[in-house]
Structure formats: C-alpha cells, structure tokens
Protein chains: 2
Amino acid sequence: MATKSRENPAPVEVDSATRERILLEAARLFRHHGYAATTLREVADASGIKAGSIYYHFESKDQILGEVLDKGIQVVSAAVQQRVEALPAEATARQRLAAAIEGHLWGMLHHGDFTSANIRIYGQIPAAAKNRHRKIRREYADYWDSLLEDALQRGELRADTSTAMIRLFVIGALNWTVEWYNPQKGSFQDFVKQITAIVFDGTFVGEPA
Amino acid sequence: MATKSRENPAPVEVDSATRERILLEAARLFRHHGYAATTLREVADASGIKAGSIYYHFESKDQILGEVLDKGIQVVSAAVQQRVEALPAEATARQRLAAAIEGHLWGMLHHGDFTSANIRIYGQIPAAAKNRHRKIRREYADYWDSLLEDALQRGELRADTSTAMIRLFVIGALNWTVEWYNPQKGSFQDFVKQITAIVFDGTFVGEPA
DNA sequence: GTCTATATGAAGATAGAC
DNA sequence: GTCTATCTTCATATAGAC
C-alpha cells in the first residue's frame with residue numbers, strides 16, 4: 001500500500017554532508033596517525049558529532065577504511081584518464097605519459113588525505129580489507145601498463161627494463177611526492193614540469209658513461 | 001669497597017640476543033601492522049618470551065620504537081658512506097652517486113624490516129618520537145645533499161631543479177623499491193643497474209621533446 | 001539523525017615470585 | 001632474566017531515548 005505517487009523517490013542519501021565529512025576526517029586521521037591508532041571518537045569529534053552517531057552512516061570502522069582506500073585511487077585514476085583521453089589521437093607517447101603524470105600528481109595533491117592515507121596504510125591493514133581493495137588498484141596499474149606498452153612499441157621508452165618495473169618505479173616515485181611537496185616553494189605547474197623532466201630524462205646531463 | 005680487580009668489567013649488555021630479537025620482531029610487526037596496531041604481547045610471542053619480560057630489556061613501547069626507527073636509517077647510511085668512501089679520489093660524480101644508490105638499495109633490502117618500518121610509520125608516530133628521530137634523518141639527508149652539490153658543481157647534474165628537490169625525489173623513489181622489489185625476478189646486481197640507469201638517464205630514450 | 005549510557009574486550013605497564 | 005597476575009585505561013560497537 002504505498003501511498004507515494006512520486007515517480008522519482010529520493011534515492012538513499014549515500015553522500016550526505018555528514019557522511020562525506022566523516023570520510024574526509026577519517027582519511028586525514030588515518031593519514032597522520034595510522035588506521036589502528038585512529039579512534040572513532042576522534043573521527044566523530046573532528047566531524048562535529050558524537051561517536052555513536054557514526055554508526056548511523058557506517059556499519060563499522062572497517063567500512064570507513066574501505067571507502068577511504070577506494071577513494072584514494074579513484075580520484076587519481078579519474079584525473080589521469082580524463083587528461084589522457086582529452087589528447088588528440090596523434091599525440092606522442094611523451095605527451096600521453098606527461099598527461100598521465102600531471103593527472104596523477106594533480107589528483108594526489110588535491111586529495112592528499114585520501115591518497116596519502118592510502119599509500120601509508122595499505123601495507124598495514126588486515127588482509128580482508130586489502131583483498132577488497134585489490135581490484136581497484138590492479139585496474140589502475142593496468143591502465144599505466146597500457147600507456148607504457150604503447151610507448152615501448154613506438155620505440156620511445158627504454159627497452160632494457162620491463163614496463164612492469166618502470167611502472168612500479170615511476171608510480172612509487174610519484175606517490176611519495178605527496179609526502180614532501182610544498183606548494184609554497186613554487187607553482188604546481190613548475191613542480192609538474194620538473195618531476196616530468198626527471199622521470200623522462202633523468203637527473204644527470206649528457207650521455208650515459 | 002669494590003672487590004673486583006678486573007680492569008675490563010663486562011659492559012652493560014645492551015645487545016643481548018634476546019634484546020636484538022625483540023627489536024627485530026618489533027620492526028617486522030611495525031612494518032606489517034603499524035606501530036599502534038602492534039601489541040607488546042605480539043612482539044613477545046614472536047620473540048619467544050612473555051609480555052612482561054620485555055620490560056626487563058626496554059622501558060616502554062616508545063623506546064622500542066625509537067631504536068627501530070634509528071636503526072632503519074643507520075644501516076642504510078652506513079652502507080652508503082662505506083661505498084662512497086671506498087672510491088678513488090678521481091671518481092666521477094656519476095660513479096659516486098652510483099655507489100650511493102647501490103649502498104642505499106643494499107642497506108634497505110638487507111634490513112628490510114627496519115627500513116620499511118621506518119618509511120611506513122614515520123608519518124604516523126607521536127610528535128615526541130618524531131622529534132627524537134629527526135636529527136639522524138637530517139644528517140643522512142645532508143650527506144646526500146653534499147654528494148648532489150658536488151655533482152652539480154662538476155656540471156654533471158641537471159641544473160633546472162634544486163638539489164633538495166632532486167634528493168627528495170630520488171630518495172623517495174629508492175625508498176619505495178623496498179615495497180615491491182622481488183629478488184626472485186632477477187639478481188640484485190641487475191636490479192641496481194636498472195634503477196641507477198633510470199635515475200641517471202630517465203625512462204625515455206632520445207632527446208627531450 | 002544524533003544523543004547518552006554501557007557491554008565487552010584488550011591494551012600498556014607494574015609487582016613480586018622464582 | 002623470565003614468569004604470572006593484575007591495575008587502569010580506553011577501544012569498538014550496541015541499545016534505546018529524544
């Protein structure tokens with residue numbers, strides 16, 4: 001006996017302001033104190049509510065962890081794909097990888113609490129949480145591998161190292177910049193330009209000895 | 001009224017086997033679960049003793065943390081300095097930096113629990129523990145800066161990026177290899193050669209576009 | 001939707017026997 | 001040097017009022 005006649009009932013509000021606030025504060029606290037050391041009381045305090053109220057929005061601390069981890073990859077992945085797909089079809093491998101690097105850095109630095117939390121705590125969380133998060137990580141790695149394979153086939157990428165190892169090295173190096181990047185020491189544009197130059201052409205000048 | 005006549009009394013045993021075992025197991029657990037999530041009961045279990053016995057060797061969990069952190073830097077720093085100082089005076093900047101990179105990677109991968117624990121948890125520990133550990137980190141960074149400044153003055157290092165930024169990028173990239181290096185996929189020598197080539201000359205071939 | 005109050009478990013650290 | 005037993009504190013999660 002539904003008395004409602006609306007065709008478009010309001011969807012379950014999965015991203016109310018309070019819910020988003022909890023996720024953001026949780027990411028910030030996970031980043032700076034770790035997952036286990038962060039208490040739901042702290043998350044609640046930072047979010048302007050009481051601890052018990054968190055359970056209206058989330059089933060458990062574990063569920064909050066999962067959403068924080070996933071978002072840490074999603075924001076970066078979305079920025080990368082958007083930039084790469086905006087390029088013309090005739091773009092060179094250098095241009096495509098430069099777009100990916102810019103997107104990765106931009107996504108990381110604009111959602112630093114989610115990405116840094118992800119990077120810092122991924123190695124420390126329970127195996128079950130890791131397993132649930134693994135797929136989304138794998139997909140992002142695959143996207144990079146496809147970019148690198150393409151660059152290799154065009155003869156632009158160095159061929160003495162596997163693309164998997166290049167991906168691990170480059171993403172690892174990029175990821176760590178979120179730990180030390182200081183926006184007060186220069187513009188984001190300059191930062192991207194310098195990081196990209198080092199990744200592409202290295203730290204030394206001249207020919208290999 | 002000392003009745004001992006020995007000139008060389010046994011020193012306080014600061015590195016008994018049990019004490020070293022506790023440090024090693026603590027490093028391993030800090031690495032994989034984080035500092036807060038690791039309980040002294042787990043450390044004791046892994047060390048083959050009971051939780052209360054830890055307090056015979058250490059004053060607190062905090063003291064164990066401090067020693068684990070310091071050792072994570074010391075083992076790497078010692079390996080780097082040893083290799084650089086073994087070079088002849090006429091070594092090029094490339095040779096000196098290559099020795100530093102090899103030492104850094106060797107130290108990291110041969111003491112992985114200490115270095116990975118350091119890298120993973122440094123951003124998450126209480127401020128007091130960070131402050132106590134800061135000096136030893138600063139000294140290692142200074143050593144790298146001196147190597148890079150030397151390379152810059154000889155005109156071998158790229159000049160469009162500050163040595164501080166190059167250091168942060170390179171050490172960050174090297175540090176993260178401990179998270180993914182797989183000794184079953186090739187020899188350590190080959191690994192070092194490939195990483196060094198990327199750091200020196202980049203991931204792309206040919207001239208910058 | 002948010003609150004207060006609380007059940008239940010486990011942490012770091014200490015005391016004192018052996 | 002290591003043990004057992006315990007003090008004290010604080011965590012996640014739940015129940016039910018508002």
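What's counted below: heavy atoms across the whole structure, side chains too, no hydrogens, waters or symmetry copies. Small disclaimer: the values here were computed from a predicted structure and weren't measured. Protein chains get the first letters and strands the later ones, always in sequence-line order, with residue 1 at the start of each.
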From OH of B:Y55 over to P of D:dT6, roughly how many Å is that when rounded to an integer? 18 Å
Write down the distance between CD1 (B:I54) and C1' (C:dA13), rounded to a whole number of angstrom. 11 Å
Closest of C:dC3, D:dT2, D:dT4 to the B:K50 side chain is D:dT4
Calculate the interatomic distance between A:E59 atom CD and D:dA13 atom P; express it in whole Å. 10 Å
Nearest whole Å is fine: how far is D:dC3 P from B:L40 CG? 14 Å
For A:D142 and A:R138, run salt bridge (charged side-chain N to carboxylate O under 4.0 Å, His left out): C-alpha distance rounded to whole Å, both residues' side-chain angles, the deciding distance at 0.1 Å, then the answer. CA-CA 6 Å; A:D142 287 342; A:R138 183 66 253 166; 3.0 Å; yes
Measure CG/B:D45 against C1'/C:dG12 and give the value in whole Å, please. 15 Å
Closest to the side chain of A:T39, out of D:dA11, D:dA13, D:dC3, is D:dA11
Go through the steps to decide whether B:K135 and B:E139 satisfy the test salt bridge (charged side-chain N to carboxylate O under 4.0 Å, His left out), and finish with yes or no. CA-CA 6 Å; B:K135 183 162 173 271; B:E139 287 167 353; 3.3 Å; yes
Within the structure, does a side-chain N or O atom of B:Y56 lie under 4.0 Å from either OP1 or OP2 of D:dT2? no
Most 5' of B:T18 and A:T38 on DNA chain D, judged by nearest nucleotide: B:T18
Ignoring the backbone of B:K61, work out which of C:dT2, D:dA13, C:dA13 is nearest its side chain. C:dA13
Could you tell me how the ring of B:Y181 sits relative to the ring of B:F191: parallel (under 30°), tilted (30 to 60°) or perpendicular (over 60°)? tilted
Distance check needed: D:dA13 P versus A:E42 CD, whole Å only. 15 Å
Write down the distance between NE2 (A:H57) and P (C:dG1), rounded to a whole number of angstrom. 7 Å
At their closest point, which heavy atom of A:L65 faces which heavy atom of A:F30, and how far apart are they? CA-CE1, 3.9 Å
B:R41 CZ to C:dA10 C1', straight-line distance once rounded to whole Å: 7 Å
Near-ring test A:Y140/A:H104, centroid separation under 6.0 angstrom: yes
Measure from the side-chain heavy atoms of B:S53 and tell me the nearest of D:dA11, D:dT2, C:dG12. D:dT2
